[in-house]
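Everything on this sheet refers to the single structure shown next.
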Protein chains: 2
Amino acid sequence: MVTIGDIARAAGVSRSTASYALSGKRSISEEVQERVREAARELGYTPNAGARALATAETRVIGLLARFLDDEFAPAMLQYIRGVSDTARAHGYDTLLVTEADGARALRRITSSRMVDGVVLLNVAEGDARLPLLRKAPQPGALVGLPGDCAGVDVFDLDFEAAGRLMVDHMHRLRHRELLLVSQPEHVVERGGAYVWRLRDAVVQQARARGIRLHAAFGESRQPEVGRSLHALLDAHPTATGLLLGNEAAAAALPSVLHARGLAAPRDLSVVGRYSDEFARTFSLPFSSIESAPDLLGELAVSQLVRRITTPEGSEEPHVLRLLPPELVDRGSTGPPPAAPRTSSVQGGTP
Amino acid sequence: MVTIGDIARAAGVSRSTASYALSGKRSISEEVQERVREAARELGYTPNAGARALATAETRVIGLLARFLDDEFAPAMLQYIRGVSDTARAHGYDTLLVTEADGARALRRITSSRMVDGVVLLNVAEGDARLPLLRKAPQPGALVGLPGDCAGVDVFDLDFEAAGRLMVDHMHRLRHRELLLVSQPEHVVERGGAYVWRLRDAVVQQARARGIRLHAAFGESRQPEVGRSLHALLDAHPTATGLLLGNEAAAAALPSVLHARGLAAPRDLSVVGRYSDEFARTFSLPFSSIESAPDLLGELAVSQLVRRITTPEGSEEPHVLRLLPPELVDRGSTGPPPAAPRTSSVQGGTP
DNA sequence: CTGAAAGCGCTTACAG
DNA sequence: CTGAAAGCGCTTACAG
């Protein structure tokens with residue numbers, strides 16, 4: 001292994017001079033600087049990360065705590081991970097990915113051993129067990145997902161309440177008067193997935209305010225249950241003309257369900273989902289949707305985290321809570337309600 | 001920050017004794033051991049990872065180099081990542097996830113700075129630019145994906161040739177005599193994605209051996225192109241009775257395509273794909289498929305990597321090349337060919 | 001502009 | 001069974 005000592009010797013200077021020449025942290029004569037650089041290049045020198053971390057108390061690594069829960073839709077997670085990882089790199093940081101089931105334990109491990117300079121938490125729940133630990137940790141943390149208590153951390157999330165209102169208003173403007181809402185599975189709520197009820201409550205309230213009949217159901221996260229529950233919901237409410245989807249798994253399953261019933265959007269049913277454009281393109285989902293912006297959320301969280309890391313200790317800026325205003329991406333799946341009500345469940349019926 | 005010095009002082013012993021008591025690397029009296037452990041617990045001691053890495057030349061971190069390529073289907077990647085990350089943790093390692101576009105550069109960074117004890121490369125291509133660097137690195141590496149030259153690394157992959165033969169033989173046994181094959185997009189091949197032609201060539205050859213007419217096409221990785229190309233293929237070959245899918249994006253798009261044409265599998269068309277069971281369940285893909293086993297491949301790669309890391313330098317065991325025998329998961333989408341040929345493209349026709 | 005030295009927090013031969 | 005010391009490779013005050 002080639003060390004800074006080797007570089008110093010090759011360049012005929014002291015180790016400190018070699019270090020300064022490479023870092024540029026104090027002025028070094030042109031000539032020496034060139035000799036050192038040349039030696040480093042020639043010997044293929046890279047500073048030892050552990051040694052540097054020990055000396056500077058900086059690892060240039062951020063921790064990313066992701067959880068894969070049975071009742072959530074895994075593919076959506078990938079985009080958050082990419083957003084975080086790519087942004088971290090752009091700031092000169094590497095990413096330690098932790099997928100351990102026991103997130104609190106994992107968080108303690110990586111923070112108290114100083115493996116990371118800061119931490120991004122994905123999939124944050126209302127009373128997230130990782131938060132008390134994060135607040136005690138010496139490193140700053142940024143969250144994607146809104147917890148009950150935001151003290152001591154920077155928080156980024158979609159504004160799910162505004163998203164709920166936007167869905168309803170969009171349908172209301174098109175003159176729909178009876179809507180269906182499919183949320184995430186009920187366990188997600190029980191586990192503290194606050195975004196579920198933030199969206200749901202907003203939808204319920206706005207529907208009431210607009211004089212719209214609303215039938216709200218919890219969905220499923222897995223096939224074939226998702227499809228069955230969609231069928232059941234459509235069967236139960238044949239006069240509903242619009243469908244709001246808070247649930248990515250339901251959105252992915254909907255095209256088959258519509259086909260099986262001989263329905264088309266927006267001709268027979270107007271549909272609005274809530275997922276990313278990337279997701280829509282990957283699975284060819286033809287429904288208008290509220291962009292969930294996973295890459296942007298990851299990027300914002302990391303950028304803020306890096307600011308905290310690099311900002312001097314004392315100058316504590318107040319913590320940030322940023323809820324992104326929802327945007328509706330129009331893919332043409334909404335329109336005025338049909339004149340006649342849908343025919344009820346016709347397996348494979350003609351359109 | 002609480003250091004081993006603090007523990008030593010609290011327990012009234014030297015730092016070395018404290019270290020040994022915690023690591024158990026030499027015999028320490030019961031009593032002292034207890035005092036040290038108690039002190040560590042009380043003060044909440046965790047060894048500093050950087051300091052430990054510097055002293056031991058071990059980081060207990062493995063690097064995971066993933067690439068997200070436009071012409072590949074991103075959701076499939078997540079399962080590899082989880083397999084690697086979970087297995088690493090089970091062995092006591094953390095995972096540094098690198099998604100940088102320039103994989104070779106990233107590999108050099110993390111290996112030469114000794115951020116990791118070993119490296120797993122995902123998505124390995126025929127003449128992978130990362131391999132020469134990996135061979136020069138001081139850390140061992142394990143690959144998921146078969147490169148042209150396996151020297152110096154451990155390699156794990158699905159046996160794509162056997163998979164191709166299995167697909168054809170399965171259809172042949174059911175008396176199909178004309179088949180369609182949809183591979184990955186052609187750019188994947190151009191880029192050196194060897195698994196594409198390994199599967200394709202084996203299918204072509206086996207079809208010839210069995211006297212089967214085969215129409216092989218490259219697919220697309222994105223909607224709506226995927227769907228269009230499937231339609232075009234089905235239009236072009238109305239007498240083909242079986243469809244082989246090497247391409248996950250095509251598999252995800254197929255249900256809509258079949259619905260739109262009023263076709264059902266296996267009644268009108270027998271279908272075999274190549275993707276994981278997890279993938280099938282997430283997207284409710286009703287097609288029999290050859291299990292691509294991403295979690296198992298990730299697990300095997302990491303387990304072997306850990307063995308290399310922990311094995312003493314000299315005792316170089318020969319490198320491993322392991323190709324998993326394909327397994328067909330039957331989801332009931334294959335059967336005997338229909339008596340009458342398919343009617344050609346009928347948009348929304350009755351079944 | 002440059003060098004000698006201390007120190008980051010750990011582990012592990014070396015001595016007793 | 002235990003302690004004092006060296007060393008891992010770096011950075012950065014301290015001195016000139």
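Naming convention: chains lettered A, B, ... in sequence-line order (proteins, then strands); numbering from 1 in each chain.
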Can you check whether A:T56 has a side-chain N or O nearer than 4.0 Å to OP1 or OP2 of D:dT11?
no
With the side chain defined as heavy atoms from C-beta on, A:S29 is closest, among C:dT2, C:dC10, D:dT11, to C:dT2
Nearest-nucleotide check on DNA chain C, B:P47 vs B:R26; residue mapping nearer the 5' end is B:P47
Separation of C:dC1 atom P from A:E34 atom CD, nearest Å, is 16 Å
Checking C:dA6, C:dC10, D:dA4 against the side chain of B:N48 (C-beta onward), the nearest is C:dC10
Rounded to whole Å, CZ of B:R9 lies from C1' of C:dC10 at a distance of 15 Å
key: Short N-O contact, B:R307 and B:D154, less than 4.0 angstrom   = no
- Query: Do the charged groups of A:R41 and A:E38 touch, with an N to O distance under 4.0 Å?
  - Reply: yes
Which of D:dT2, C:dG7, C:dG3 is nearest the side chain of A:A55? It is C:dG7
Between NZ of B:K25 and P of D:dC1 the distance, given in whole Å, is 18 Å
Note to self: Does either side chain, that of B:R82 or that of B:Q79, offer a donor lying less than 3.5 Å from an acceptor on the other one?
What the structure shows: no
Q. For residues A:D86 and B:T99, is any side-chain donor paired with an opposing acceptor at under 3.5 Å?
A. yes
### Query
Is there a donor on the side chain of A:S16 or the base of C:dA4 sitting less than 3.5 Å from an acceptor on the other?
yes
- side-chain N/O B:Y20 vs C:dA13 OP1/OP2, d < 4.0 Å: no
Q. For D:dC10, does either OP1 or OP2 sit under 4.0 Å from a side-chain N or O belonging to A:R15?
A. no
Of B:L54 and B:E30, the one whose nearest nucleotide on DNA chain D sits closer to the 5' end is B:E30
Any base atoms under 4.0 Å from A:T3, or only sugar-phosphate, or nothing? Heavy atoms, all strands. sugar-phosphate
B:T17 side-chain N/O to D:dT2 phosphate OP1/OP2 under 4.0 Å
no
Looking only at C:dT2, C:dC10, C:dG3, the nucleotide nearest the B:I4 side chain is C:dC10
Checking D:dT2, C:dT2, D:dT11 against the side chain of A:V32 (C-beta onward), the nearest is C:dT2
Whole-Å distance, B:I7 CD1 to C:dT11 C1', equals 16 Å
